[in-house]
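One structure below.
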Amino acid sequence: MTRLVEVPAQFDDRSFDQFAGAFAEANKDAERLLFDAHAAEWASPYGLVGLLAAGQAARRGGSAGAADRPLLTAPTNPEVLSYWTRAGFFREAAELFEIHGKVPRAKAAEHSDVLLPVTPVRAAEDVHAVVSKIQQRASAILASELGLDPKATMGFAMALSEACQNIVEHAGTGGWVAVQAYHWRRKLARRVVVIAVADAGVGFRHSLEPTQSKRFGDRWGDAAALEAALVQGVSRFRDPGRGQGLAGIRRYLVRWDGKIAIRSGTARIAIVPKWDEDVPLKDGLPPFPGAQVLIIIPEQGSTEP
Amino acid sequence: MIQYIDMHAVLQQSVSSLYTDLVTRPTGRVVRERIEQAIAGLGGAEGAGGAGGAGGAGGPDGAGEMTIARIDFAGVGCIDYSCADEIVAKLLRDRPAVLVLSGISEGHREAIEPVLTGHGLAALIERADGTLDVLGAKGAAAALLDELVARRCAARRPGGTYALTLA
């Protein structure tokens, strides 16, 4: 028997909990999953890397055999299909899913708003490649279109590096990163650059449990783990220099009025700028494996919602 | 003696000649170990070399050797917080050393300064004109300058700036 997981028509961080709920329900037993994206109208980088993480978590039997892979029906809308292809989604999805539907053979975009197509992150070497590529491609857009000081490009690369290292050091498995610039009509009516990182690894609670759970006592859980990591800057390592990464990302985002949100397990934490209405901490969400990070840097100037 | 470290050369020797960025902890660890070898006089780093006589800088009373390393960041793209901690902070945490950073961009400084401040450590920045600036925790930075002056490794210039007296 195959269980259906519907991919939201507008698939981004806001609809991700709906997707996670459907995934958690369908993934309760060991049945094969079918991710149905045929009606997808739009997906953010967060949606795309999150879908890959779900595909990774839904693999059965621990092998790469076709029968162990979940199914995925590709979007039918040609424009959506074209964007998912340009964003590099299908290149990564081909290894994780048995894909149904026509998928264009076009290569991932080299000159577009896709600053970094969906890229796997498994080791430190991958982080080097990501940072190198983003500096070549992003500096012009960050400076000319977002109005960031050209010096901010290096900070952007640092933030991206630290977000990716979270996978390498804590997830216990590989993950994906994608970076895109787009005009965010819904929220800000201005351009933004979005970094999305997702994995289906052990998540923050499991990673921090050996060193932090006693300190939190009964409060310990996904929300407490996220709070410890993002707000208190703690790490699973006892080395006093650890925990610099997320703290550094926070400093960068405060300076450029940006936002970070991290979802792990059943909780989601966010550092919320004035222009956003998100809540700082949500608990009791549908469970989803690993960690998913969203970083948004808006065009500089007035960011009144 | 001031040990000269060409960070870009050490990086390329440590990871890949394709990359110019100091990112990730594993990279930082390898780079730091090469610098440590160079400081210890083992010649581990291709981009390392000594200047001046042998040994460290002794105190005014002749006691207490101090290692001074001039680390040139020219040619290094980005440095992230993890690498800054793994290289700069750990070099200072684990031994009595003075790090003089040159070729530093504002982006490099943004990553290194909070890491040093968080550990209560300080390093020096050598500007293109040879004057010194401090980086890191205020108290540690003031103490560092005082010690260098006391050891006659640095001197106050007219106008109140400081510069190294050693080559």
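The sequence lines fix the lettering, A, B, ..., with proteins before strands; numbering per chain opens at 1. Bear in mind the structure is a predicted one, so any value in this text is a computation, not a measurement. Values below: every heavy atom of this structure, side chains too, minus hydrogens, waters and symmetry copies.
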Counting distance alone, with no hydrogens or angles, which donor-acceptor pairs between chain A and chain B are under 3.5 Å?
from, atom 1, to, atom 2, distance (Å)
A/His128, NE2, B/Val23, O, 3.2
A/His128, NE2, B/Thr27, OG1, 2.7
A/Gln135, NE2, B/Asp21, OD1, 2.8
A/Gln135, NE2, B/Asp21, OD2, 3.1
A/Lys151, NZ, B/Glu106, OE1, 3.4
A/Ser161, OG, B/Asp80, OD2, 2.5
A/Glu162, OE1, B/Ser82, OG, 2.7
A/Glu162, OE2, B/Tyr81, N, 3.0
A/Glu162, OE2, B/Ser82, N, 2.8
A/Glu162, OE2, B/Ser82, OG, 3.1
A/Gln165, OE1, B/Arg25, N, 3.3
A/Gln165, NE2, B/Asp80, OD2, 2.7
A/Asp239, OD1, B/Arg93, NH1, 3.4
A/Asp239, OD2, B/Lys90, NZ, 2.7
A/Gly241, O, B/Arg25, NH2, 3.1
A/Gly248, O, B/Tyr81, OH, 3.2
A/Arg255, NH1, B/Glu110, OE2, 2.6

Region of B/Ala111 in contact with chain A, defined by heavy-atom distances below 4.5 Å = both
Provide the full list of ring pair (Phe, Tyr, Trp, His ring centres under 6.0 Å) pairs with a residue in residues 132-153 of chain A, sequence neighbours left out, each pair given once.
->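 Listed once each, the pairs would be none.
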Can you name the residues that form a salt bridge (charged side-chain N to carboxylate O under 4.0 Å, His left out) with A/Arg205, not counting sequence neighbours?
-> A/Glu209, A/Asp222
Identify the two heavy atoms, one from A/Met154 and one from B/Cys78, that lie closest to each other, and give their separation to 0.1 Å.
-> CG-CB, 3.5 Å
Name the option with the most non-hydrogen atom pairs under 4.5 Å to chain B; the candidates are A/Ala129, A/Ala159, A/Cys164.
->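 Option with the top pair count is A/Ala129.
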What residues form a side-chain hydrogen bond (donor to acceptor under 3.5 Å, both in side chains) with A/Thr173, not counting sequence neighbours?
->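 For A/Thr173 the side-chain hydrogen bond (donor to acceptor under 3.5 Å, both in side chains) partners, ignoring immediate neighbours, are A/Gln56.
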Identify which part of A/Leu160 has an atom lying under 4.5 Å from any heavy atom of chain B, answering side chain, backbone, both or neither.
-> neither
